[in-house]
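See structure below.
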Amino acid sequence: MAHVHSLEPFFRPGSIAILGASEDFVKISGRPLKFLLDKGYRGKVFPVNPKYEKVAGLPCYPTVTAIPEPVDLAIVAVPAAAVLEALDQCVAKGVRSAVVFSSGFGEMGEEGRVLERRVAELARRSGLRLCGPNTLGFVNTFDRVMATFSQAGEGETPPGPIAFVTQSGAFGTAIFALARQRGLSFGYFVNSGNEADLEFADLLDYVVADPRVRVISGYIEGLKDGRKLLAVADRALELGKPIVIVKVGRSTAGARAALSHTGSLAGSDRVYSGVFRQKGIIRAAQEEELLDLVSAFSLCSLPEGRGLGIVTQSGGAGVLMADRAEEIGLSVPELAEETKSALRDVIPAFGSVKNPVDVTAQFIADPALLRTSLEVVLRDPRVDAAIFYLGLMERFADRVVANLLEVKQKTSKPLIVAWAAAPEAALRALREAGMCALPSATRAVNALRGLVEYAEARRRSESARGGRKTLDWGRGAGSAEGRRVLTVGESLQLLSRYGIKVARARLSQSASEAVQAAAEIGYPVALKVESPEIRHKTEAKALRLDVSGPDEVARGFDELVTSARRYAPAAAIHGILVQEMVREGTEVIVGLHRDAQFGPVVMVGLGGIFVEVLGDVAFRAVPLTHADAEEMLGELRGARVLEGVRGRPPADVPSVIEVLLAISRLAEDRSQEVAELDINPLLVL
């Protein structure tokens with residue numbers, strides 16, 4: 001038996017009650033009834049308002065409980081003060097879901113937040129699934145469900161394979177309108193409102209599961225529970241349905257109270273970007289790029305690699321696209337000799353057979369030039385996708401369109417047309433024939449980047465994850481004994497249990513023990529005060545490096561204890577840690593941080609100036625895969641340092657990957673106990 005999604009009565013109701021229904025179709029409380037009637041909703045509609053006996057020719061009921069038939073969805077369009085009573089009546093009636101248009105809740109201050117909490121509690125207690133309050137509602141064009149007062153319900157609303165979920169009502173409506181201008185058809189338009197019950201990810205989960213939807217898009221400002229979104233993204237990857245999201249709000253204010261480097265670097269926007277990339281969510285910078293990406297995903301196949309073939313009528317546009325492609329990590333490969341030879345046979349001598357390929361304006365006089373050159377470039381094994389650029393062409397538009405469509409029919413590789421100042425009829429003809437056409441060179445390249453990144457995420461998701469053994473700290477291994485912070489020794493012991501190699505160390509309670517420990521470890525050594533209250537040992541003058549003899553160790557022991565007591569008189573001092581000095585290697589920082597939205601996230605970056613000044617770090621949510629760890633290192637701006645520069649040998653990158661995976665396992669095993677962790681520095685030999 002097929003699984004029925006819990007939000008089925010919400011998105012595909014068999015009957016709808018409109019609480020506060022008005023016979024004035026201009027009002028918010030009248031518009032949903034108008035839309036439902038105009039669009040031909042097939043279910044039953046029950047207006048509810050004690051003022052009327054009939055509305056739009058339909059019987060009108062004084063309360064929802066007076067309706068003699070079952071109700072799947074209630075549209076609540078009453079003042080905020082009357083919402084709780086209206087919802088109580090819905091629960092008594094057995095209504096399974098509700099959309100609350102009413103404003104005057106959390107967005108209005110503390111009094112409104114109290115009322116919103118009561119609405120949320122009613123939904124939790126009763127099982128009523130509720131969208132809002134303070135929402136424009138939603139549109140399901142497949143089934144003609146118009147549970148909205150938004151302008152999205154006006155005009156033509158043909159069903160289409162795109163779903164759009166937004167936290168912003170007005171801005172979301174504007175995006176919907178822009179999409180309609182482009183000829184993009186939305187199967188769903190959903191505004192989550194204040195999210196007292198149903199959150200952005202809950203709504204996204206339903207549209208991802210609908211087999212009629214092929215591309216999912218969204219607009220968010222923040223998430224209450226980011227782990228929900230990660231689970232939805234995993235399902236979308238399995239189903240091969242791309243998710244494109246505009247995420248606004250780049251504040252790092254939430255990191256101010258962090259204890260660790262990782263915490264201070266984990267600005268919300270960095271984490272969002274890293275986690276989105278990990279889960280194959282394509283991030284758009286703004287609304288135009290969102291729709292460019294949606295167009296590309298709706299109309300293009302996925303590329304098998306990053307190789308871009310550029311064919312253009314303008315040498316300047318070709319250089320612009322090549323520059324942009326390399327800026328964002330795409331490849332503009334040199335074409336195979338066979339390809340260049342075939343191009344020389346058709347392209348004028350004043351053109352160019354290099355990539356970008358410049359066919360010049362000669363293709364106007366010789367239509368076969370466009371078709372043949374594109375087909376030759378697309379056949380090149382180094383080319384995974386192509387962009388054709390042209391401008392204007394009002395007089396020859398029909399001929400250009402015919403040639404482009406002929407090329408598209410002969411290739412399985414994605415082909416995007418960048419057509420500046422294109423005739424509107426030509427763009428419409430290309431869209432209707434299933435070809436992606438965008439109005440500028442760089443926008444076409446940016447859209448192709450989305451296709452490439454999603455294709456790579458799909459390939460990663462299809463790679464089987466190996467099983468792993470869950471480890472336990474064991475008695476005495478990393479036990480904080482009720483404290484919030486582990487000592488260095490406890491931390492090293494914990495890391496060792498997860499297979500991370502640590503510098504040899506021994507805790508000493510006296511100067512003589514320290515001298516003996518140093519002799520066993522081998523000089524030179526480092527000396528560190530062991531105290532959970534003294535985290536910044538340099539500030540406390542509680543650290544000595546390159547200590548090279550027994551007298552220096554004994555003297556250092558006494559000096560460090562004295563400095564520590566002066567710095568923090570009340571601190572518990574467990575002794576002095578004598579540790580092996582490791583002189584060589586590249587400094588890397590690895591960390592673990594509990595993000596407010598996504599839970600435990602792992603960070604990696606290069607040490608020194610890269611992390612202190614440049615903040616060159618990458619984040620991923622737990623659990624990490626081997627591919628996630630590889631990608632984190634690859635996206636660091638200073639990644640070449642690990643490859644070996646200026647005569648230095650390449651660093652042991654596989655060992656860094658193993659450390660990242662070990663930290664991910666630690667986070668999973670002790671998800672409720674580890675808030676933050678830094679390995680700084682991790683020396684990579």
Quiz item: Where the side chain of Arg124 meets the backbone of Val119, is there a donor-acceptor pair that is under 3.5 Å apart?
Solution: no
Practice problem: Determine yes or no for a side-chain-to-main-chain donor-acceptor pair under 3.5 angstrom, with Glu156 supplying the side chain and Pro158 the backbone. | Solution: no
Side-chain donor-acceptor pairs under 3.5 Å in residues 55-76, sequence neighbours left out?
{"unit_1": "Thr63", "atom_1": "OG1", "unit_2": "Thr65", "atom_2": "OG1", "d": "2.8"}
{"unit_1": "Thr63", "atom_1": "OG1", "unit_2": "Ala66", "atom_2": "N", "d": "3.3"}
{"unit_1": "Glu69", "atom_1": "OE1", "unit_2": "Lys44", "atom_2": "NZ", "d": "2.5"}
{"unit_1": "Glu69", "atom_1": "OE2", "unit_2": "Lys44", "atom_2": "NZ", "d": "3.4"}
{"unit_1": "Asp72", "atom_1": "OD2", "unit_2": "Gly14", "atom_2": "N", "d": "2.7"}

Quiz prompt | Residues in salt bridge (charged side-chain N to carboxylate O under 4.0 Å, His left out) contact with Arg637, at least two apart in sequence or another chain | solution = none
Self-check item: Set of residues satisfying ring pair (Phe, Tyr, Trp, His ring centres under 6.0 Å) with respect to Phe186, sequence neighbours excluded
Solution: Phe164, Phe176
Quiz prompt | Test ring pair (Phe, Tyr, Trp, His ring centres under 6.0 Å) applied to Phe138 - qualifying residues, sequence neighbours left out | solution = Phe10, Phe11
Self-check item: Pair listing, side chain to side chain donor-acceptor pair (under 3.5 Å) test, anchored in residues 15-32, at least two apart
Solution: Arg31-Glu154
Self-check item: salt bridge (charged side-chain N to carboxylate O under 4.0 Å, His left out) partners of Asp38, counting only residues at least two apart
Solution: Lys34
Quiz item: Is a salt bridge present between Arg449 and Asp292, judged by a nitrogen-to-oxygen distance below 4.0 Å?
Solution: no
Quiz item: For the atom pair CD (Gln278) and CG (Asp628), what is the distance rounded to the nearest 0.5 Å?
Solution: 4.5 Å
Quiz item: Is the backbone N or O of Leu237 less than 3.5 Å from a side-chain atom of Arg458, with the two atoms forming a donor-acceptor pair by type?
Solution: yes
Self-check item: For Phe171, ring pair (Phe, Tyr, Trp, His ring centres under 6.0 Å) partners two or more places apart
Solution: Tyr219
Scan the side chains in residues 199-209 for donor-acceptor partners under 3.5 Å anywhere in the protein, sequence neighbours excluded, and list what turns up.
{"unit_1": "Asp202", "atom_1": "OD1", "unit_2": "Lys228", "atom_2": "NZ", "d": "3.2"}
{"unit_1": "Asp202", "atom_1": "OD2", "unit_2": "Glu199", "atom_2": "N", "d": "2.8"}
{"unit_1": "Asp202", "atom_1": "OD2", "unit_2": "Lys228", "atom_2": "NZ", "d": "3.2"}
{"unit_1": "Asp205", "atom_1": "OD1", "unit_2": "Arg235", "atom_2": "NE", "d": "3.0"}
{"unit_1": "Asp205", "atom_1": "OD1", "unit_2": "Arg235", "atom_2": "NH2", "d": "2.3"}
{"unit_1": "Asp205", "atom_1": "OD2", "unit_2": "His5", "atom_2": "NE2", "d": "2.7"}
{"unit_1": "Tyr206", "atom_1": "OH", "unit_2": "Glu8", "atom_2": "OE1", "d": "2.9"}

Self-check item: Pairs flagged by ring pair (Phe, Tyr, Trp, His ring centres under 6.0 Å) wherever residues 101-125 is involved - sequence neighbours left out
Solution: Phe101-Phe149
Exercise. With sequence neighbours left out, write down each residue that passes ring pair (Phe, Tyr, Trp, His ring centres under 6.0 Å) with Tyr41, or none if nothing qualifies.
Key: none
Quiz item: Under the salt bridge (charged side-chain N to carboxylate O under 4.0 Å, His left out) test, which residues partner Asp197, sequence neighbours left out?
Solution: Arg129
Exercise. Kindly compute the distance separating CG (Asn446) from CZ (Arg324), expressed to the nearest 0.5 Å.
Key: 4.5 Å
Quiz item: Within the side chain of Ser664, is there an N or O that forms a donor-acceptor pair under 3.5 Å with the backbone of Leu624?
Solution: yes
Quiz item: Under the 3.5 angstrom rule, does the side chain of Lys241 hit a backbone N or O of Val213 as a donor-acceptor pair?
Solution: yes
Quiz item: Got a sec, which residues hit salt bridge (charged side-chain N to carboxylate O under 4.0 Å, His left out) with Glu631, two or more places apart in sequence or on another chain?
Solution: Arg277, Arg460, Arg620
